[in-house]
Amino acid sequence: MTQPATDAAGPQDVEAITALEVAALGPDAWSRTLVAQGVEGDLPTVHYRVVREAGRVVAYAVVSVVGEVAELQRIAVEAGHRRSGLATLLLADVVRRAAADGAGRLLLEVREDNAGAVAFYAASGFVALARRPRYYRDGTTAVVMQLPLAGEPETGVLQ
């Protein structure tokens with residue numbers, strides 16, 4: 001069996017990414033227009049990466065790199081493919097891309113009530129920096145996390 005690989009998303013992936021966005025993020029999902037702008041290069045700092053199975057998108061990640069700061073904006077995996085290593089594969093791809101683009105740190109926001117995601121990111125070396133109360137549409141708090149890249153020290157760790 002061939003190991004899955006990441007690839008740059010293309011215009012043919014917009015519908016699949018949008019559908020996965022809605023399935024994974026519900027009311028916090030981005031619109032098809034915003035996804036299309038990112039995929040098609042209209043947002044120059046944004047990179048969409050996908051994993052395909054039999055030519056179909058089953059997972060994706062979005063990273064924005066601006067100077068020394070990169071932001072992991074999304075990782076979503078189709079329900080039937082979760083816990084299969086695809087999020088780890090995409091995260092590694094994002095880390096490589098951010099470092100190659102000169103970022104010294106990778107930031108993200110994650111729902112405080114998403115214990116699985118918080119644990120995934122912590123196990124991947126991210127540390128909590130801050131909380132953003134009522135950040136999500138339903139009032140849930142976001143935890144801001146950081147992964148130092150290229151030997152940057154951890155700072156501002158939230159206890």
Side-chain angles (χ1 to χ4, degrees), residues 2-66 69-99 101 103 105-129 131-132 134-147 149:
T2 305
Q3 287 288 76
T6 60
D7 191 18
Q12 74 280 4
D13 300 318
V14 169
E15 297 304 326
I17 292 169
T18 301
L20 185 49
E21 176 85 5
V22 169
L25 299 162
D28 292 309
W30 290 342
S31 69
R32 183 203 180 282
T33 299
L34 185 58
V35 170
Q37 288 174 333
V39 169
E40 294 169 6
D42 295 338
L43 306 172
T45 66
V46 173
H47 306 280
Y48 275 74
R49 306 294 294 171
V50 296
V51 176
R52 294 183 183 88
E53 181 178 273
R56 188 174 62 80
V57 173
V58 296
Y60 72 95
V62 184
V63 63
S64 174
V65 183
V66 179
V69 178
E71 181 182 359
L72 174 61
Q73 297 179 337
R74 299 284 204 246
I75 285 186
V77 178
E78 211 174 61
H81 290 83
R82 292 187 185 140
R83 302 214 182 275
S84 66
L86 297 183
T88 301
L89 178 70
L90 283 164
L91 181 58
D93 182 82
V94 164
V95 167
R96 280 190 302 275
R97 174 165 299 280
D101 285 353
R105 60 189 172 136
L106 179 62
L107 299 173
L108 63 83
E109 293 142 348
V110 61
R111 292 176 64 95
E112 185 175 57
D113 63 356
N114 188 341
V118 172
F120 168 71
Y121 293 124
S124 299
F126 283 83
V127 294
L129 296 177
R131 287 189 169 78
R132 293 186 175 159
R134 299 171 304 283
Y135 183 78
Y136 295 98
R137 288 182 193 229
D138 66 358
T140 300
T141 294
V143 178
V144 180
M145 301 182 83
Q146 173 181 277
L147 177 69
L149 304 175

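Numbers for residues simply follow the sequence, beginning at 1.
Residues Glu53 and Glu78 fail the side-chain proximity criterion, which asks for heavy atoms closer than 4.5 Å. Contact check for Arg56 versus Val58: side-chain heavy atoms found under the 4.5 Å cut-off. Looking only at side-chain heavy atoms (C-beta outward), Val65 and Thr45 stay at 4.5 Å or farther from each other. For the pair Asp138/Pro27, no side-chain contact is recorded, criterion being any heavy-atom separation below 4.5 Å from C-beta on.
With hydrogens and angles disregarded, a donor-acceptor distance shorter than 3.5 Å links the side chain of Glu21 to the backbone of Trp30. Under the 3.5 Å distance criterion, the side-chain polar atoms of Arg82 are matched with a main-chain donor or acceptor of Val77.
For the atom pair OG1 (Thr18) and CG (Asp13), the distance works out to 10.0 Å, reported to the nearest 0.5 Å. Taken from CG in Leu25 to OH in Tyr136, the straight-line distance is 8.5 Å, to the nearest 0.5 Å. The line from CD of Gln12 to CZ of Arg52 is 5.5 Å long, rounded to the nearest 0.5 Å. Atom-to-atom distance recorded for Arg49:CZ and Asp93:CG is 4.0 Å, nearest 0.5 angstrom. Expressed to the nearest 0.5 Å, how far CZ of Arg74 lies from CG of Leu20 amounts to 11.0 Å.
Exactly one residue among Leu147, Leu129, Leu72 makes a side chain to side chain contact (heavy atoms under 4.5 Å, CB included) with Leu107. That residue is Leu129. For the side chain to side chain contact (heavy atoms under 4.5 Å, CB included) criterion with Val63, the lone passing option out of Ile75, Leu106, Val46 is Leu106.
Using a 30° and 60° split on the angle between ring planes, Tyr121 and Phe126 fall in the perpendicular class, above 60°.
The nearest pair of heavy atoms linking Arg111 to Val118 is O-CG2, 3.8 Å. Closest heavy-atom contact between Ala98 and Leu149: CB-CD1, 3.8 Å.
Applying the side chain to side chain donor-acceptor pair (under 3.5 Å) test to Arg132 and every residue at least two apart in sequence or in another chain returns Glu109.
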